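In what follows, every chain begins at residue 1, and chains take the letters A, B, ... in the order their sequences are listed. Please read all numbers here as calculations on a predicted model, not as lab measurements.
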Amino acid sequence: MSENYQPHQVEVKWQQKWDETQIYRSQVDWDRPKHYALTMLPYPSGDLHIGHWFAMTPSDARARWMRMRGYNVLFPMGFDAFGLPAEQAAISRNIHPWKWTYSNIERMREQLRSMGSMFDWEREAISCTPEYYKWSEWFFKKFYENGVAYRGSALVNWSESLQTVLANEQVIDGRDERTGQPVVHKMMEQWFFAITKYADELLDFDILDWPEPIKIMQTNWIGRSEGARVTFRTELGGHPIEIFTTRPDTLWGSTFMVLAPEHDLVGVITTEEARAAVEAYVQQTAGETEIERMLEDREKTGVFTGAYAINPVNDERIPIWIADYVMITYGTGAIMAVPAHDQRDFEFARAQDLQIRVVIQPAEMEELLQPEDMAEAYDGPGTMVNSDAMDGSVSTKDKGRANPAIGRVIDWLEATDKGEESVNYRLHDWLISRQRYWGSPIPATYDNGAIAMVADEDLPVVLPEDVDFMPTGRSPLTYHEPFFKVNDSVRRETDTLDTFMCSSWYQLRYLSPDNVEVPFDAEEAAYWLPVDVYTGGAEHAVMHLLYTRFFTKVLRDIGVFEAASAVMRQKGRDPERAFDEPMIVLRNQGQVLGAERQGDYVLCSGRLVGGKMLAHRVEVVGWNEVPAGFDGYFGEIVHRTENVIRLDMAGVTQLVEILPDAEIIIPAIAGENNVNQLRHHLEIQRMSKSKGNVVSPDELVEKYGADAVRCYLMFNFDWQKGGPWNENNIKGPQGWLHDVWEIARDGAPKVEGDPDGERDIERKLHQTIAVVNRGLEEFSFNTAIAEQMKFKNALKAALRERQIGPETWNGVMNQLIRLMAPFAPHIAEELWERLGFEYSVHLASWPAYDADKAREEQVELVVLINGKPRGTIEVAVDIERERALELALASEAAQRSLAGKAPRRTIFIPGRNGSDPKVNIVV
RNA sequence: GCCUCCGUAGCUCAGGGGUAGAGCGCUCCCUUGGUAAGGGCGAGGUCAUGAGUUCAAAUCUCAUCGGAGGCUCCA
């Protein structure tokens with residue numbers, strides 16, 4: 001063995017061999033324990049980016065490790081292939097979505113292969129194929145038949161830019177999460193999934209080992225609040241106005257009501273005198289975007305409807321207002337206002353000069369709380385007052401029935417038929433239909449409004465290919481008559497399914513992607529489910545991860561898992577709770593950010609206006625590259641907003657406004673540059689094409705080899721945190737691979753070795769095994785690799801000192817290569833072969849940790865004086881307390897400190913798991 | 001405003017009541033027939049700040065400051 005390490009040759013060679021020998025095929029084997037490792041499937045955008053590598057290669061390393069530990073591992077891959085980008089490509093570039101998507105998949109599949117991952121490609125699933133979406137449609141139909149899917153009217157989020165409705169989860173701060181454009185609320189008839197039926201079960205994370213933040217986000221998203229529903233009636237006409245409150249104990253303090261401007265009753269109850277003002281206000285708020293309405297610290301505005309309601313608890317006549325601080329989308333869209341005990345109502349009452357009545361007397365206060373003395377609402381604990389028969393009830397900080405006052409009032413409301421206990425959720429039903437083409441068809445038809453589902457034997461409803469993409473903003477299905485016209489009276493649904501529906505069940509399709517009879521094979525499901533470990537980004541916390549949990553629970557309840565349960569029972573596995581949750585362990589990787597940089601130095605040319613430069617030319621240059629005779633501004637960018645940059649010019653700050661048509665020159669970014677690209681030179685940011693700071697995995701593989709890239713990604717980041725890209729650091733893992741290669745290439749030493757040295761290297765090897773195990777167990781890939789680097793250094797040193805004989809060398813190398821196999825699969829396989837071991841290292845067993853071998857024999861006894869280390873003594877690892885104290889007291893440090901006196905106290909701390917024993921002497 | 005996580009070497013990160021650690025980077029030396037490289041020696045840290053508990057705190061508690069993420073007129 002004499003050649004140098006040529007990553008590319010090695011990698012291509014083994015990727016082919018693995019393919020040919022099918023070592024990654026995973027098959028049901030009831031005699032072996034299973035492990036279903038799943039990593040989130042990519043959207044086929046056309047190029048695999050470094051983020052995919054960062055998510056997938058560590059997951060692959062862990063799956064490989066599980067396999068070497070004896071598990072039968074399923075680690076599949078596929079494509080989440082429906083969605084808007086394909087449709088937008090069709091419109092803007094005149095490529096059919098099928099073509100665009102499939103060519104992207106072809107390309108990405110090759111890129112995925114270059115990672116050297118153990119994906120079982122025989123199980124690949126692609127959500128936009130009829131074979132796949134047949135079952136998305138079938139599930140939809142089952143949901144409909146079981147009352148989970150329904151068509152209903154609701155105020156929905158409409159995206160003008162995407163020309164479709166969106167689920168609440170896809171709207172962030174009033175903007176569409178994809179394009180960042182504002183959405184508007186519209187009343188529309190749409191398809192929904194009744195996810196709210198599962199709200200309570202979705203709050204239960206009992207059997208899940210998921211990151212705390214994800215559980216919290218889902219909990220917040222579901223937003224369960226306990227309280228009561230109470231119906232108020234209008235004074236005239238007796239129109240019922242239902243409200244939800246978490247504080248029924250403050251009902252007697254409700255001195256007015258507020259409806260959301262969109263509330264149905266607004267038009268009905270408004271009096272003639274108030275109509276003009278009310279209509280003007282409704283119009284004004286309708287023109288506001290959700291974003292404006294959600295601004296904090298906004299002045300409370302509203303108008304009086306002229307109507308009054310009767311507070312059912314005390315028959316008081318209270319005015320009904322409308323105000324935009326009440327949201328139509330939460331609760332009933334109407335509130336009872338209790339200004340004394342709710343800050344928003346308080347502000348509104350003060351702004352509109354409405355009555356404030358205290359009904360909770362603060363616990364620690366002697367005198368009665370007076371409204372005119374209040375600077376803000378009181379929402380603390382206290383005693384109910386001004387509340388008729390309820391007076392004296394104790395209201396604590398607790399929510400719901402745990403608060404005695406609330407419990408008592410609810411009982412009374414129910415007994416007197418004025419209201420009832422109620423739970424409200426922030427979560428709404430999942431809006432599942434989209435007015436887009438590139439999605440799974442919805443298998444519904446309409447016969448003069450009567451809904452029918454397409455017969456099972458006619459599934460799937462196939463998405464027609466011969467469609468025209470016209471920039472009308474409408475889905476081509478709506479003007480494709482052969483598709484939507486079933487016959488003269490029957491019309492087909494032209495909306496398609498949200499792509500999140502397709503990805504809610506893909507883990508099931510991997511089980512049997514080619515099965516045409518059922519969505520998934522019962523025995524495969526019985527063996528592999530649930531997913532044991534799921535890895536992917538945290539950005540899916542309240543979308544995909546909530547939807548797929550919901551989906552699984554519905555499938556369980558409508559009996560889709562019954563065949564699988566039967567197989568489990570037959571095989572002696574307990575199906576109880578096996579289908580309650582889709583993925584048991586979840587771990588999120590962080591994000592790889594763009595490289596960290598100093599602010600760039602720029603030359604700005606333009607004219608000075610009022611102390612500010614209006615620049616028509618900005619060029620990024622080196623810090624010492626000022627051309628002779630340059631008379632503009634030169635400095636480091638320290639800040640940038642929109643088109644204004646702030647320059648630090650040798651300590652003096654200058655403002656530069658970049659004119660709209662200014663020439664921008666950034667040598668590091670090819671092509672035409674724009675103002676936005678100046679920004680990324682300032683701070684660490686997400687990688688994106690527009691910022692010009694993307695890193696191409698293909699180029700990295702070319703330059704360093706896939707193994708080095710894999711190891712760099714695992715070593716240089718805390719996987720669950722992510723961090724800034726720094727290609728220079730790839731040298732670390734690269735050096736590790738090179739060194740291991742050279743140690744292996746140099747072959748077994750021709751020296752006899754030293755027994756102590758050999759024992760020492762064995763000990764270090766077993767200590768390394770323990771750390772690598774823990775690292776992989778805990779997704780701490782960086783520590784697992786750092787420890788192997790340390791071991792490599794120790795081995796190198798021992799070899800140099802001629803301490804290792806051939807036999808030990810062989811044993812150590814055999815284990816060392818197996819240890820590195822999950823991380824650097826190609827080089828490990830090559831060295832494994834070269835050292836004459838049997839193919840394949842990836843089918844070999846994982847090195848067994850031997851605690852006896854890992855144990856140190858001699859350790860340093862640390863002598864502490866008053867807790868401060870003052871000396872060490874070499875002792876046996878299992879030293880007894882008496883002997884340790886004796887040695888410590890006799891030590892030079894102790895003698896010096898004690899100066900002949902007796903110690904006040906001595907403490908012996910035995911050494912455990914790697915730490916040295918200590919004696920603390922207090923003088 | 002609320003919730004969660006996090007502040008350890010220049011950088012990226014381990015560790016965690018009992019001597020402060022790794023990789024990269026850096027200094028200096030050696031090698032120059034493993035060579036767009038290799039080897040060796042070394043420097044670098046009041047473990048964010050302040051208080052408390054303890055024989056002993058980087059580690060536990062509390063407060064403060066700073067960072068990241070999430071939620072937010074939620075009735």
Side-chain angles (χ1 to χ4, degrees), chain A residues 2 4 172-173 211-221 223-225 227 243-247 250 258 260 293-298 300 323-327 329-338 342-345 347-348 424-426 538-539 541-542 588 590-591 596 712 715-726 728-736 738-739 742 745-746 771 775 780 782-790 793 796-797 800 860 862-872 903-911 914-923:
Chain A
S2 58
N4 294 329
I172 298 178
D173 293 338
E212 212 55 36
I214 301 287
K215 293 194 278 187
I216 290 166
M217 278 190 252
Q218 292 203 350
T219 303
N220 289 343
W221 185 262
R224 182 180 205 274
S225 338
I243 60 103
F244 170 78
T245 177
T246 54
R247 293 295 304 275
T250 64
V258 186
R293 276 182 72 171
M294 293 200 311
L295 279 179
E296 271 177 61
D297 299 327
R298 228 164 147 247
K300 294 272 180 297
D324 66 358
Y325 80 90
V326 174
M327 301 288 151
T329 49
Y330 186 80
T332 62
I335 62 161
M336 64 156 188
V338 185
D342 179 282
Q343 185 59 23
R344 294 153 300 171
D345 297 344
E347 287 166 20
F348 191 74
N424 191 65
Y425 299 94
R426 197 182 99 100
E539 66 274 16
V542 292
N588 300 120
Q591 210 163 29
E596 203 169 34
Y712 164 70
F715 172 68
N716 222 260
F717 301 86
D718 175 341
W719 186 71
Q720 295 183 69
K721 267 195 221 157
W725 181 258
N726 183 352
N728 199 34
N729 283 344
I730 202 166
K731 283 185 199 161
Q734 202 184 12
W736 171 47
H738 269 275
D739 282 357
E742 280 167 15
R745 188 198 51 192
D746 292 347
V771 174
S780 181
N782 48 353
T783 59
I785 291 181
E787 202 64 18
Q788 291 183 78
M789 289 180 176
K790 260 164 87 176
N793 289 342
K796 242 173 113 167
R800 194 167 46 239
E860 306 258 273
V862 181
V863 180
L864 305 155
I865 309 295
N866 291 336
K868 302 274 177 286
R870 287 289 179 263
T872 59
R904 265 214 295 173
R905 195 169 163 184
T906 53
I907 298 137
F908 173 67
I909 309 108
S915 85
D916 294 331
K918 281 130 204 139
V919 171
N920 190 11
I921 299 166
V922 186
V923 298

(message) Among residues at least two apart in sequence or on other chains, which ones pass side-chain hydrogen bond (donor to acceptor under 3.5 Å, both in side chains) with A:Gln218?
(response) A:Arg549
(message) From the set B:A75, B:U19, B:G70, return the single nucleotide nearest to any side-chain atom of A:Val862.
(response) B:U19
(request) Can you tell me the distance, in whole Å, between the OH atom of A:Tyr712 and the C1' atom of B:C13? (result) 12 Å
(request) Let me know the distance between CZ of A:Arg745 and P of B:A37, rounded to the nearest Å. (result) 16 Å
(request) Using whole Å, report how far OH of A:Tyr325 lies from C1' of B:C73. (result) 9 Å
(request) Starting from P on B:C73, measure out to CE on A:Met327 and report it in whole angstrom. (result) 6 Å
(request) Taking only the side-chain heavy atoms of A:Thr246 (C-beta and beyond), determine which of B:U72, B:C55, B:A75 contains the nearest atom. (result) B:A75
(message) Checking A:Ala786 now: which residues fulfil side chain to side chain contact (heavy atoms under 4.5 Å, CB included) with it, not counting sequence neighbours?
(response) A:Phe715
(message) Within the 4.0 Å heavy-atom criterion, would you say A:Gly590 contacts the bases, only the backbone, or no part of the nucleic acid?
(response) nothing
(request) Apply side-chain hydrogen bond (donor to acceptor under 3.5 Å, both in side chains) to A:Arg344 and list each qualifying residue two or more places apart in sequence or on a separate chain. (result) A:Asp342
(request) Using side-chain hydrogen bond (donor to acceptor under 3.5 Å, both in side chains) as the criterion, list what pairs up with A:Glu742, not counting sequence neighbours. (result) none
(request) Could you tell me which residues satisfy side-chain hydrogen bond (donor to acceptor under 3.5 Å, both in side chains) with A:Thr906, sequence neighbours excluded, listed by chain and number? (result) none
Is there any protein nitrogen or oxygen under 3.5 Å from a nitrogen or oxygen in nucleotides 23-26 of chain B, and what are the pairs?
residue : atom : partner  : partner atom : Å
B:G23   : OP1  : A:Asn793 : ND2          : 3.0
B:C24   : O2'  : A:Asn729 : OD1          : 2.9

(message) Taking the cut-offs as 6.0 angstrom to the six-membered ring centre and 45 degrees off its axis, would you call A:Lys300 and A:Tyr325 a cation-pi pair?
(response) yes
(message) Heavy atoms only, 4.0 Å cut-off, all strands: where does A:Asn782 land among base, sugar-phosphate and nothing?
(response) sugar-phosphate
(request) Return the value, rounded to whole Å, for the distance between atom CZ of A:Phe348 and atom P of B:A75. (result) 19 Å
(message) Run the side chain to side chain contact (heavy atoms under 4.5 Å, CB included) test against A:Lys790 and tell me which residues pass, sequence neighbours left out.
(response) A:Glu787
(request) Using both pair distances under 3.5 Å as the test, note the stems of at least 3 consecutive Watson-Crick or G-U pairs that include RNA chain B. (result) B:1-7 with B:65-71, B:10-13 with B:21-24, B:28-30 with B:38-40, B:48-52 with B:60-64
(message) Is any side-chain heavy atom of A:Met336 closer than 4.5 Å to one of A:Thr245?
(response) yes
Contacts under 3.5 Å, N or O only, protein and nucleotides 38-40 of chain B:
residue : atom : partner  : partner atom : Å
B:G39   : OP1  : A:Lys796 : NZ           : 2.3
B:G39   : O3'  : A:Arg800 : NH1          : 3.3
B:G40   : OP1  : A:Arg800 : NH1          : 2.7
B:G40   : OP1  : A:Arg800 : NH2          : 2.6

(message) With rounding to the closest Å, how many angstrom separate the C1' atoms on B:C29 and B:C41?
(response) 7 Å
(request) Give the nucleotide from the list B:C55, B:U19, B:G70 with an atom nearest to the side chain of A:Met217. (result) B:G70
(request) Could you tell me which residues satisfy side chain to side chain contact (heavy atoms under 4.5 Å, CB included) with A:Thr246, sequence neighbours excluded, listed by chain and number? (result) A:Ser225, A:Phe244
Taking only N/O atoms, report every protein-nucleotides 3-6 of chain B pair under 3.5 Å with atom names and distance.
none

(request) Check side chain to side chain contact (heavy atoms under 4.5 Å, CB included) between A:Ala784 and all other residues, then give those that pass, not counting sequence neighbours. (result) A:Val772, A:Phe823
(message) Nearest to the side chain of A:Leu864, heavy atoms from C-beta on, is which of B:A14, B:C74, B:U19?
(response) B:U19
(request) Could you check if a side-chain atom of A:Val863 sits within less than 4.5 angstrom of a side-chain atom of A:Val919, using non-hydrogen atoms only? (result) no
(request) Could you check which of B:C55, B:A75, B:C13 has an atom nearest any side-chain atom of A:Arg905? (result) B:C55
